[in-house]
Q: 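Dropping the structure in here first, questions after.
All residue numbers refer to positions in the sequence shown, counting from 1.
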Amino acid sequence: MKRQAMAPGMFAVCAALAVAAVYLGGCGFIADKDRIVIAKFDGKNITRGDLAKYIREMPDEERPLIQNKADLLDTLNFWINDQIKAKLAAQLSKEGKIEVSRELALERYFEKHPEFRSAYKVQDPSVLEMTQGDLAAVKAEIEFATDEEVERLLRDEALKYKIYEAIQNKTVTLTEADVRAEYERRKDELVQFEYIDFIALQLPLAMPDAIARAADARRRIDAGEKLDDLLREYIAQDPGFAYRGALANDPSAPRFRSFWETAHGASAGQIIGPLLLMEHDEYTLDPQTQQSVKRTRPAAHLVFEVLKHEEERPKTFEEAANELAGDLAKQRVLDQIRAEHGVEVFEEKLPNPAGVGDQYKDSMINTGKAKKR
């Protein structure tokens, strides 16, 4: 009997079904892997899929660099700890034991996103070339983000409360030997950042001719004038034109990155600038109250002389002791709370993390001496 030829349409249907079968089988395989339990918390399972979803949904600026299993394990533990702190915060806040200022939360948001500070304060949207609807949307987003900052601050306060409680109840104790052992374990990562002390002519970014005046000041210095003489001239107009400052090259403070790309490796006596220093907060000691006072220094163009420069170096035990003691107390309290919540982590079940995190975050490269601009 002669075999009947398959109609072209039927062939297409069969081919599609075959491909679908292979694809769905693969999806089932992937789904099975996603269901592998990697941790337990409060009697509930945390799977590979749960962790992947958590990482995927993190804001880009918060997503960690994940290159190996240790990085993935740190991310998993951070997530678990954050959930623990959230539960503590809800409980302690309800009991009236902790609270945070919304103004502080708003300031924390503006420290991360200084570009939205002016939009929050403005009443007339036309000055920012926005419509009333645009401005309302921006302000609503700021309020929503501030709510999230409040929650973060409450979680931090909850853990601080439990640390204080544990120390008072002596359920956590530390000895100098404990701290020294921690110093020996971590001393390669304990860094005193590069640091400069400087005197500057500062011209506020809001000043219409700030760039031109800063460039002119640098030309005069290059022609032989002293910065001190220029400062006396400017101080006669406004004492605020002079600025005595100090900065540390902390990679966790991205707003100073462009500053340090130029100032890195500077030597005492070197003139640098014009250079834009972004808006930032400074803390000074009030001579009357002897308390720390915060002030916001607006963005300004600087021409400055380096008075003192220190290279990055390892911290001594004495410099690191307080930080290490705080970290040890925090970890021991967290370990106790994790045990109360029945936390278990199965490190061997973690997947190969290749390509999981943001592998291309900006990083500062040590390029040698400060550049002249």
Q: Rounded at 0.5 Å granularity, tell me how far OG1 in T47 sits from NZ in K349.
A: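 It comes to 12.0 Å.
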Q: For side-chain contact (heavy atoms from CB on, under 4.5 Å), just list the numbers for R338 and N77, CA-CA rounded to whole Å, side-chain angles, deciding distance to a tenth of an Å, and then say yes or no.
A: CA-CA 10 Å; R338 281 164 67 100; N77 279 317; 2.8 Å; yes
Q: Any heavy-atom pair between the side chains of F144 and K139 that's under 4.5 Å?
A: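 With C-beta onward as the side chain, the pair stays apart.
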Q: Apply side-chain contact (heavy atoms from CB on, under 4.5 Å) to residues D34 and D50 and explain how you reach the verdict.
A: CA-CA 8 Å; D34 280 349; D50 295 330; over 6 Å; no
Q: Taking all heavy atoms of V306 and all of S267, pick out the closest pair and write down the distance.
A: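 Smallest heavy-atom distance, with atoms named: CB-O, 3.5 Å.
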Q: In Å and rounded to the nearest 0.5 Å, what is the CG to OH distance from L230 to Y234?
A: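 Reported value, rounded in 0.5 Å steps: 6.5 Å.
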Q: Got a donor-acceptor contact below 3.5 angstrom from the T171 side chain to the I167 backbone?
A: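 Pair absent, no side-chain N/O of T171 close to backbone of I167.
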Q: Please lay out, stage by stage, how R180 and E184 fare under the test salt bridge (charged side-chain N to carboxylate O under 4.0 Å, His left out).
A: CA-CA 6 Å; R180 284 194 177 277; E184 291 301 320; over 6 Å; no
Q: Could you tell me whether D178 and R332 have a side-chain N and a carboxylate O separated by less than 4.0 Å?
A: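 Here D178 pairs with R332 in a salt bridge, since their nearest N and O are under 4.0 Å apart.
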Q: So, the side chain of R218 versus the backbone of P274: is there a donor-acceptor pair under 3.5 Å, distance only?
A: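 Checked: no pair found.
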Q: Should E323 and K315 be marked as a salt bridge (charged side-chain N to carboxylate O under 4.0 Å, His left out) after you check the CA-CA gap, both sets of side-chain angles, and the distance that decides it?
A: CA-CA 11 Å; E323 173 189 349; K315 284 186 177 180; 3.0 Å; yes
Q: Does E148 have more than 12 heavy atoms from other residues, nucleotides or ligands lying within 6.0 Å of its CD?
A: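 Counting other residues, nucleotides and ligands, CD of E148 exceeds 12 neighbours.
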Q: Which atom pair, heavy atoms only, marks the closest approach of I98 to L154?
A: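 Shortest heavy-atom separation between I98 and L154 comes out as CD1-O, 3.6 Å.
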Q: In terms of heavy-atom contacts, does CZ of F78 have more than 12 from other residues, nucleotides or ligands at under 6.0 Å?
A: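 Incorrect, the count does not exceed 12.
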Q: Would you please name every residue forming a side-chain hydrogen bond (donor to acceptor under 3.5 Å, both in side chains) with Q132, sequence neighbours left out?
A: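 Scan of Q132 (side-chain hydrogen bond (donor to acceptor under 3.5 Å, both in side chains), adjacent residues dropped) gives none.
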Q: Please report the closest heavy-atom contact between A105 and V150, naming both atoms and the distance.
A: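 Heavy atoms only, the tightest pair is CB-CG2, 3.5 Å.
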Q: As an exercise, state the distance from CG of L72 to CD of Q67, rounded to the nearest 0.5 Å.
A: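 Reported to 0.5 Å precision, the distance equals 12.0 Å.
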Q: Salt-bridged, R186 to E182, with N to O below 4.0 Å?
A: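 So R186 pairs with E182 through a salt bridge.
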Q: Over all heavy atoms of both residues, which pair between A263 and I272 is shortest? Give the atoms and the distance, please.
A: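 Nearest heavy atoms, A263 then I272: CA-CD1, 4.1 Å.
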Q: Please set out all donor-acceptor pairs under 3.5 angstrom arising from side-chain atoms of residues 202-216, sequence neighbours excluded.
A:
residue, atom, partner, partner atom, Å
Q202, OE1, R297, NH1, 3.4
Q202, NE2, G240, O, 2.9
R213, NH2, Q237, OE1, 3.2

Q: Inspect the contact between K69 and E348 and indicate whether a charged nitrogen and a carboxylate oxygen are less than 4.0 angstrom apart.
A: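 So E348 does not pair with K69 through a salt bridge.
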Q: Please check if the number of heavy atoms outside N68 that lie under 6.0 Å from its CG is greater than 12.
A: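 Yes, enclosed.
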Q: Are R152 and D82 close enough for a salt bridge, meaning some N to O gap below 4.0 Å?
A: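 Salt bridge absent between R152 and D82.
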Q: Do M278 and F259 land in one hydrophobic cluster if side-chain heavy atoms of ILVMFWY residues count as linked below 4.5 Å?
A: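 No; F259 is not reachable from M278 via cluster members.
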Q: Is it the case that more than 12 heavy atoms not belonging to K112 sit under 6.0 Å from its NZ atom?
A: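 Yes - once you tally the heavy atoms of other residues, nucleotides and ligands closer than 6.0 Å, there are more than 12.
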Q: Are D32 and R35 within salt-bridge range, i.e. N to O under 4.0 Å?
A: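 Salt bridge flag = yes for R35 with D32.
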Q: Any link between Y54 and L350 through a network of hydrophobic side chains (Ile, Leu, Val, Met, Phe, Trp, Tyr) touching at under 4.5 Å?
A: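 Yes: a chain of side-chain contacts under 4.5 Å links Y54 to L350.
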Q: Would you say that I36 contacts F346 through its side chain, given a criterion of any heavy-atom pair below 4.5 Å between the two side chains?
A: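 No, side chains not in contact.
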Q: Might you work through the side-chain contact (heavy atoms from CB on, under 4.5 Å) test for D124 and L135, ending with a clear yes or no?
A: CA-CA 9 Å; D124 178 7; L135 184 61; over 6 Å; no
Q: Under a 4.0 Å N-O cut-off, is there an ion pair linking R102 with E149?
A: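 Here R102 does not pair with E149 in a salt bridge, since their nearest N and O are not under 4.0 Å apart.
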Q: Would I199 and L227 satisfy side-chain contact (heavy atoms from CB on, under 4.5 Å), going step by step from the backbone distance to the final call?
A: CA-CA 9 Å; I199 183 76; L227 176 62; 4.1 Å; yes
Q: Nearest 0.5 Å, what's the NZ-CD distance between K85 and E157?
A: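 Those atoms lie 11.0 Å apart.
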Q: Grab the two heavy atoms, one from V122 and one from A119, that are nearest each other, plus how far apart they are.
A: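 That closest heavy-atom pairing would be CG1-O, 3.4 Å.
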Q: Under a 3.5 Å distance rule, please check whether R63 uses its side chain to pair with a backbone N or O of R56 as donor and acceptor.
A: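 Yes: the side chain of R63 pairs with the backbone of R56.
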Q: Classify the ring geometry of Y243 against F198: parallel below 30°, tilted from 30° to 60°, perpendicular beyond 60°.
A: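 Because their plane-to-plane angle is over 60°, the rings of Y243 and F198 count as perpendicular.
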Q: Counting only heavy atoms not in Y164, do more than 12 fall under 6.0 Å of its OH?
A: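 No, OH of Y164 has 12 or fewer neighbouring heavy atoms, counting only those of other groups under 6.0 Å.
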Q: Are any non-hydrogen side-chain atoms of R117 and E107 less than 4.5 angstrom apart?
A: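 In contact.
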Q: With a 4.5 Å heavy-atom cut-off, do E233 and D229 have their side chains touching?
A: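 No, every pair of side-chain atoms sits at 4.5 Å or beyond.
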Q: State whether the side chain of E319 and the backbone N or O of T316 hold a donor-acceptor pair below 3.5 Å, judged by distance alone.
A: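 Judged by distance alone, yes, a pair lies under 3.5 Å.
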Q: Hey, does the Lys NZ or Arg CZ of K87 hover above the aromatic six-ring of F41, less than 6.0 Å from the centre and inside 45° of the axis?
A: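 Pair K87/F41 counts as cation-pi.
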Q: When you compare the side chain of F256 with that of D250, does any pair of heavy atoms fall below 4.5 Å?
A: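 No, their side chains stay 4.5 Å or more apart.
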Q: Are F317 and L190 linked, directly or through other ILVMFWY residues, by side chains that come within less than 4.5 angstrom of each other?
A: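 Hydrophobic grouping puts F317 with L190.
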Q: How many angstroms lie between atom CD of E261 and atom CG of N249, to the nearest 0.5 angstrom?
A: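 The distance works out to 10.0 Å.
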Q: Using side-chain heavy atoms (C-beta onward) and a distance below 4.5 Å, is V172 in contact with L328?
A: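 A side-chain contact is absent here, since even the closest heavy-atom pair is not under 4.5 Å.
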Q: Parallel under 30°, tilted from 30 to 60°, perpendicular over 60°: which one fits the rings of Y109 and F116?
A: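 It falls in the parallel class, under 30°.
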Q: When clusters are formed by joining ILVMFWY residues with side-chain heavy atoms under 4.5 Å apart, either directly or through shared neighbours, do L334 and V179 land in the same one?
A: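 They do not share one cluster, since no chain of ILVMFWY contacts under 4.5 Å joins L334 to V179.
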Q: Taking R220 first and then E225, would you say they form a salt bridge - that is, a charged N and a carboxylate O separated by under 4.0 Å?
A: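 Here R220 pairs with E225 in a salt bridge, since their nearest N and O are under 4.0 Å apart.
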Q: If you look at every heavy atom in F193 and P251, which pair is closest and at what distance?
A: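 Closest heavy-atom pair between F193 and P251: CE2-CD, 3.5 Å.
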Q: If we ignore hydrogens and angles and just use 3.5 Å, is the side chain of Q270 paired with the main-chain N or O of F304 as donor and acceptor?
A: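 Not a single qualifying donor-acceptor pair exists.
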Q: Calculate, to the nearest 0.5 Å, the distance between atoms CZ and CD belonging to R313 and E194 respectively.
A: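 One gets 12.5 Å once the value is rounded to the nearest 0.5 Å.
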Q: In terms of hydrophobic clusters joined by side-chain contacts under 4.5 Å, are L276 and L247 together?
A: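 Different clusters: L276 never reaches L247 through Ile, Leu, Val, Met, Phe, Trp or Tyr contacts under 4.5 Å.
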Q: Can you tell me if E347 has over 12 outside heavy atoms packed within less than 6.0 Å of its CD?
A: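 At most 12 heavy atoms, drawn from other residues, nucleotides or ligands, come within 6.0 Å of this atom.
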Q: Using a strict threshold of under 4.0 Å (side-chain N to carboxylate O), is an ion pair present between K53 and E57?
A: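 Here E57 pairs with K53 in a salt bridge, since their nearest N and O are under 4.0 Å apart.
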Q: Are Q331 and D327 linked by a side-chain donor-acceptor pair shorter than 3.5 Å?
A: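 Absent: no donor and acceptor within the cut-off.
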Q: Would you indicate whether the side-chain heavy atoms of D222 and R219 approach each other to under 4.5 Å?
A: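 No, too far: nothing below the 4.5 Å cut-off.
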Q: With a 4.5 Å limit on heavy-atom distance, are the side chains of E310 and D197 in contact?
A: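 A side-chain contact is absent here, since even the closest heavy-atom pair is not under 4.5 Å.
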